[in-house]
Amino acid sequence: MEDASAASAVQDRDRKFLAKAIEEAYKGVECGDGRPFGAVIVRNDEVVVSCHNLVLRNTDPTAHAEVTAIREACKKLNQIDLSGCEMYASCEPCPMCFGAIQRSRIKRLVYGARADAAAAFGSAGFISDSLRGTGFYEKAHLDIIKADGALAVIAEEVFAKTSSKFRSVN
């Protein structure tokens with residue numbers, strides 16, 4: 001019974017922090033900073049940073065939500081080793097972000113939408129599908145969890161609900 005209770009507690013906290021990453025995705029679009037992607041880094045059940053995509057704001061193609069979150073967490077914690085942290089991302093990370101996640105030694109990644117949900121934003125063809133089947137994910141020294149259920153659907157809806165704001169940018 002303890003195992004079921006512990007698993008339920010993990011699922012509850014995953015939902016809570018993933019919902020925050022999805023909120024960040026919307027926030028980034030609303031303030032015009034970038035595309036609808038959000039990331040949250042957590043340590044000891046406390047949010048270290050909550051970030052969104054800043055590509056448009058910073059005119060920086062590397063300012064993805066995950067990379068921005070890693071940069072901010074490293075500054076805040078004054079260290080480059082985030083092995084005591086977990087990341088919650090609104091969408092499956094691209095290869096650049098996944099590499100940054102690995103390099104920072106984040107121990108666990110939970111993401112909402114699959115990469116193909118972001119195809120309308122020019123993400124198809126180079127996102128994690130290029131890594132799938134290569135063993136790259138399997139060699140990662142972190143747990144990678146794809147959200148399921150209603151929260152995964154909500155994460156994928158971000159793209160449909162915000163796509164009209166980017167028609168002139170694509």
Side-chain angles (χ1 to χ4, degrees), residues 7-8 10-30 33-42 47 49-56 61-71 73 82 85-167 169-170:
S8 178
V10 168
Q11 285 180 334
D12 287 345
R13 65 186 285 286
D14 284 354
R15 285 186 196 106
K16 175 176 110 176
F17 293 126
L18 187 55
K20 187 155 184 62
I22 294 166
E23 287 173 27
E24 276 291 334
Y26 280 112
K27 181 180 171 185
V29 171
E30 290 305 313
D33 286 345
R35 309 290 178 143
F37 299 92
V40 175
I41 295 181
V42 174
V47 173
V49 294
S50 182
C51 298
H52 53 264
N53 182 291
L54 295 172
V55 169
L56 299 176
T62 69
H64 292 194
E66 299 91 338
V67 171
T68 300
I70 290 168
R71 289 173 180 159
L82 300 178
C85 298
E86 301 168 289
M87 179 179 281
Y88 293 84
S90 63
C91 187
E92 186 175 14
C94 73
M96 176 187 69
C97 292
F98 189 72
I101 291 165
Q102 281 195 287
R103 295 290 297 165
S104 66
R105 297 196 170 106
I106 287 174
K107 67 180 178 180
R108 187 166 180 264
L109 166 66
V110 178
Y111 67 92
R114 286 197 33 113
D116 55 359
F121 294 92
S123 299
F126 68 89
I127 296 279
S128 54
D129 287 339
S130 64
L131 301 175
R132 228 176 254 114
T134 65
F136 190 71
Y137 273 179
E138 291 77 15
K139 292 176 188 171
H141 297 287
L142 69 146
D143 292 328
I144 302 170
I145 294 111
K146 162 71 174 92
D148 58 5
L151 204 52
V153 171
I154 291 168
E156 292 184 3
E157 287 175 349
V158 171
F159 302 105
K161 289 181 176 180
T162 62
S163 65
S164 65
K165 296 184 185 231
F166 295 99
R167 290 193 199 282
V169 180
N170 283 338

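Just so we're clear, the structure is a prediction, and the values are computed from it rather than from any experiment. Numbers here simply count residues along the sequence, with the first being 1.
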Taking side chain as C-beta onward, heavy atoms only, is Val47 less than 4.5 Å from Ile41? no

Between CD on residue Glu66 and CZ on residue Phe98, distance to nearest 0.5 Å: 11.5 Å

If every non-hydrogen atom of Ala113 is compared with every non-hydrogen atom of Glu156, which pair is closest and at what distance? CB-CG, 3.3 Å

Interatomic spacing from CG in Leu109 to CD1 in Ile145 - rounded to 0.5 Å: 7.5 Å

Identify the heavy atoms of Gly34 and Asn53 that sit nearest to each other, and give their distance. CA-OD1, 3.4 Å

Write down the atom of Ala25, the atom of Ser90, and the distance for their closest heavy-atom approach. CB-OG, 4.0 Å

Carefully, step by step, assess Arg108 and Val10 under the rule side-chain contact (heavy atoms from CB on, under 4.5 Å). CA-CA 12 Å; Arg108 187 166 180 264; Val10 168; 3.7 Å; yes

Under 4.5 Å between any side-chain heavy atoms of Leu151 and Ile22, yes or no? yes

Within a strict 4.5 Å, meaning less than it, do heavy atoms of the Asp143 and Val110 side chains meet? no

Name all pairs fulfilling the salt bridge (Lys or Arg N to Asp or Glu O under 4.0 Å) condition that reach into residues 94-107, sequence neighbours left out, sorted by first residue then second. none

Please report the C-alpha distance between Leu82 and Ile70 in whole Å, then the side-chain angles of each, then the deciding distance to 0.1 Å, and finally whether the side-chain contact (heavy atoms from CB on, under 4.5 Å) criterion is met. CA-CA 8 Å; Leu82 300 178; Ile70 290 168; 4.2 Å; yes

Using side-chain contact (heavy atoms from CB on, under 4.5 Å), reason through His52 and Asp33 one step at a time and then give a plain yes or no. CA-CA 8 Å; His52 53 264; Asp33 286 345; 2.7 Å; yes

Give a yes or no answer on whether the side chain of Glu92 reaches the backbone of Ala115 with a donor-acceptor pair at less than 3.5 Å. yes

Is any side-chain heavy atom of Val29 less than 4.5 Å from a side-chain heavy atom of Arg35? no

Minimum-distance pair of heavy atoms, taken over all atoms of Ala147 and Gly112: CB-CA, 4.1 Å

Closest non-hydrogen atoms of Ala69 and Met87, given as atom of the first, atom of the second and distance, are CB-CE, 4.4 Å

Residue pair Thr162 / Glu157, side-chain heavy-atom distance below 4.5 Å: no

Pair Phe159 and Phe37, ring centroids less than 6.0 Å apart: yes

Within-4.5 Å side-chain heavy-atom neighbours: Leu18 and Tyr111: no

Separation between NZ (Lys161) and OH (Tyr26), nearest 0.5 Å, reads 4.0 Å

With a 4.5 Å heavy-atom cut-off, do Ile101 and Pro93 have their side chains touching? yes

Minimum heavy-atom distance Val67-Cys97, with the two atoms named: CG2-SG, 3.9 Å

Between the side chains of Arg13 and Ser8, is a donor N or O closer than 3.5 angstrom to an acceptor N or O? no

Between SG of Cys91 and NE2 of His64, what distance do you get to the nearest 0.5 Å? 11.0 Å

Flag the pair Arg15 / Gln11 as yes when at least one side-chain heavy-atom distance between them is below 4.5 Å, and no otherwise. yes

